[in-house]
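Quick note: numbers below take in every heavy atom, side chains included, and nothing from hydrogens, waters or symmetry partners. Count residues from 1 along the sequence.
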Amino acid sequence: MKLFVSTLAAAVFGLSALNTADAQQNQPACSSVYTRPELLSLTPAQWTNTRNVLSAMQRDGWFGWFAYLHNQWFSQIHGNSQFFPFHRRFVHDWESVGRRYSGSFVQPYWDEMRDYRVPAASQVLTSNWVGGNGQGANRCVTNGNQGGWTMSFPSNHCFSRNFGNNGNPTSWYSPEYIQSFIQRDTTMAQFRPDIEYSLHGVVHINIGGDMLQGYSPNDWIFMLHHTNIDRLWWQWQLNNRMWTMDGPNFDNSAISLNTNIAYYNQPIRSVMQLGYGSMCYQYASNPIRRRALDSGLENALINSLPKDVLSAWFPDTAKKPAIVALRPPPPLASAAPGVSSGSGMPYPAKLTQQWIQMHKYNKADVDKVESDARKFVDAMNKAGYRSPV
């Protein structure tokens with residue numbers, strides 16, 4: 001298996017060669033840029049093409065290769081500042097393989113925050129899209145684009161999911177709370193744990209099955225999830241933090257833009273700026289040269305929160321004048337029938353002890369993030385805030 005995947009990787013990426021242009025901060029602008037869309041915005045034709053590409057990648061062993069690579073480097077790419085740059089490069093490499101099968105293939109993202117209240121009710125987790133929970137003793141997934149698949153790594157097994165909370169995952173993190181991170185955090189040493197110990201972890205845990213393992217790229221939700229995590233990092237970067245890279249490396253040395261990305265023989269600076277070097281993509285919600293916050297969400301924050309609460313949790317938004325919404329935001333495509341968006345904000349799920357130990361996280365750091373989340377929810381509910389999501 002190792003010889004097979006190593007040969008594949010060398011053939012496709014030429015990983016031993018250092019791209020000197022990428023070693024400089026001011027990399028050349030891409031001649032063209034493609035856009036990563038939200039999954040549910042794909043047309044039927046685009047989704048058919050995506051499914052065909054994924055099936056071909058499974059047939060040729062690429063799911064097994066990426067699962068292997070992630071598992072091998074697991075301890076070096078979690079719990080430190082390698083987290084964002086490694087996964088940006090990792091997803092980009094995955095996408096590059098897919099584009100060899102079809103030039104129109106683009107890796108979408110799943111905006112999981114839109115489904116945070118009742119995750120199991122998301123349209124994404126239905127047979128028309130990525131499928132739902134696993135069934136039977138082995139939790140084998142029988143529907144969706146990976147339904148009935150046999151995964152090759154670490155050994156042949158049915159593709160599995162095991163949703164948390166007995167099949168009904170507890171609420172995830174709201175878009176408001178994630179936006180609060182994006183506005184409040186000024187260093188990577190703050191932003192990385194705030195994302196890794198919140199949204200990142202609870203999605204992995206509550207999807208379960210293959211997603212709960214070091215070889216989580218067996219589940220395409222991994223790519224949807226980490227593309228969204230990358231999108232959030234890009235939003236944070238656009239907030240005057242384009243070249244911010246600090247905090248610890250996996251060996252506890254100080255990380256910098258010149259530090260090589262774990263596994264890759266390229267410096268972190270080579271993946272920092274979208275639209276430059278080899279990072280020739282952008283996000284539908286965040287074009288390369290424009291910082292944006294969803295207008296419906298921003299309107300709700302400005303018009304319904306007291307000034308002190310707004311300033312404490314959304315310092316950038318607090319500086320903006322009040323906005324009069326001309327019309328309410330459109331209904332969300334992934335909203336489930338009968339699920340209200342007007343009730344109070346629920347507490348988000350917590351990381352499990354198993355997950356904390358698996359990643360060797362400092363529990364005090366995890367507790368700090370989770371305590372902050374509960375204080376946020378309390379502040380929003382005390383203010384009578386009603387989310388448009």
Which atoms form the tightest heavy-atom contact between [X] and [Y], and what is the distance?
| X | Y | value |
| --- | --- | --- |
| Asn80 | Ser75 | ND2-O, 4.0 Å |
| Arg117 | Ser387 | NH2-CB, 4.1 Å |
| Leu351 | Val202 | CD2-N, 3.9 Å |
| Thr150 | Asn156 | CG2-CB, 4.1 Å |
| Ser216 | His70 | OG-CE1, 3.8 Å |
| Ala383 | Leu305 | CB-CD2, 3.9 Å |

_Nearest 0.5 Å, please: how far is CG in Asp60 from OG in Ser55?_
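Spacing of OG (Ser55) from CG (Asp60) equals 11.0 Å.
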With a 4.5 Å heavy-atom cut-off, do [X] and [Y] have their side chains touching?
| X | Y | result |
| --- | --- | --- |
| Leu69 | Asp93 | no |
| Leu257 | Pro267 | no |
| Trp220 | Gln58 | no |
| Glu112 | Asp115 | no |
| Ser256 | Met245 | no |
| His87 | Asp230 | no |
| Met380 | Trp313 | yes |

Determine the interplanar angle of the [X] and [Y] rings, folded into 0 to 90°, and report it as parallel if under 30°, tilted if 30 to 60°, perpendicular if over 60°.
| X | Y | value |
| --- | --- | --- |
| Phe74 | His359 | tilted |
| Phe84 | Phe191 | parallel |
| Tyr283 | Tyr281 | perpendicular |

*Any donor-acceptor N/O pair, Gln82 side chain to Asn260 backbone, under 3.5 Å*: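 Yes, because the side chain of Gln82 sits within donor-acceptor range (under 3.5 Å) of the backbone of Asn260.
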*Backbone N/O of Ala67 and side chain of Asn71: donor-acceptor pair under 3.5 Å*: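 Side chain of Asn71 to backbone of Ala67: no pair is present.
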*Under the salt bridge (charged side-chain N to carboxylate O under 4.0 Å, His left out) criterion, do Lys320 and Glu298 qualify, and how do the steps go?*
CA-CA 10 Å; Lys320 298 183 178 182; Glu298 189 161 62; 3.0 Å; yes
*Would you mind listing every side-chain hydrogen bond (donor to acceptor under 3.5 Å, both in side chains) that reaches into residues 370-379, with sequence neighbours excluded?*
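Output for this query lists Tyr177-Asp372, Arg184-Asp372, Tyr347-Asp378.
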Distance-only donor-acceptor check, side chains [X] and [Y], under 3.5 Å:
| X | Y | result |
| --- | --- | --- |
| Glu196 | His78 | no |
| Tyr101 | Asn52 | no |
| Asp251 | Ser253 | yes |
| Tyr385 | Glu176 | yes |
| Gln179 | Gln235 | yes |
| His157 | Asp210 | yes |
| Ser104 | Asn49 | yes |

_Check for me whether Arg192 meets the cation-pi criterion with Phe83, that is, NZ or CZ under 6.0 Å from the six-membered ring centre and within 45 degrees of the ring axis._
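The answer is no, since Arg192 fails at least one limit relative to Phe83.
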*Are Arg99 and Tyr34 in a cation-pi contact, defined as NZ or CZ under 6.0 Å from the six-membered ring centre and within 45° of the axis?*
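Yes, a cation-pi geometry.
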_Aromatic contact, Trp94 with Phe63 (centres under 6.0 Å)_ =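 Distance test on ring centres: under 6.0 Å, yes.
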*May I ask you to check whether Phe90 and Phe66 place their ring centres under 6.0 Å from each other?*
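Aromatic pair counts; centres sit under 6.0 Å.
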*Whether over 12 other heavy atoms sit under 6.0 Å from Asn362 CG*: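 More than 12 heavy atoms, drawn from other residues, nucleotides or ligands, come within 6.0 Å of this atom.
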For residues 126-137, which side-chain donor-acceptor pairs fall under 3.5 Å, sequence neighbours excluded?
residue : atom : partner : partner atom : Å
Thr126  : OG1  : Gln123  : O            : 2.6
Asn133  : OD1  : Phe163  : N            : 2.9
Gln135  : NE2  : Asn133  : O            : 3.3

*Answer yes or no: is there an ion pair linking Glu95 with Arg36, defined by an N-O contact shorter than 4.0 Å?*
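A salt bridge is present here (some side-chain N lies under 4.0 Å from a carboxylate O).
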_Salt bridge or not between Asp185 and Arg241? Use side-chain N to carboxylate O under 4.0 Å._
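Result for this pair is no, no salt bridge flagged.
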_Is there a path of hydrophobic side-chain contacts, each under 4.5 Å between heavy atoms, that joins Phe222 and Val97?_
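Yes; Val97 is reachable from Phe222 via cluster members.
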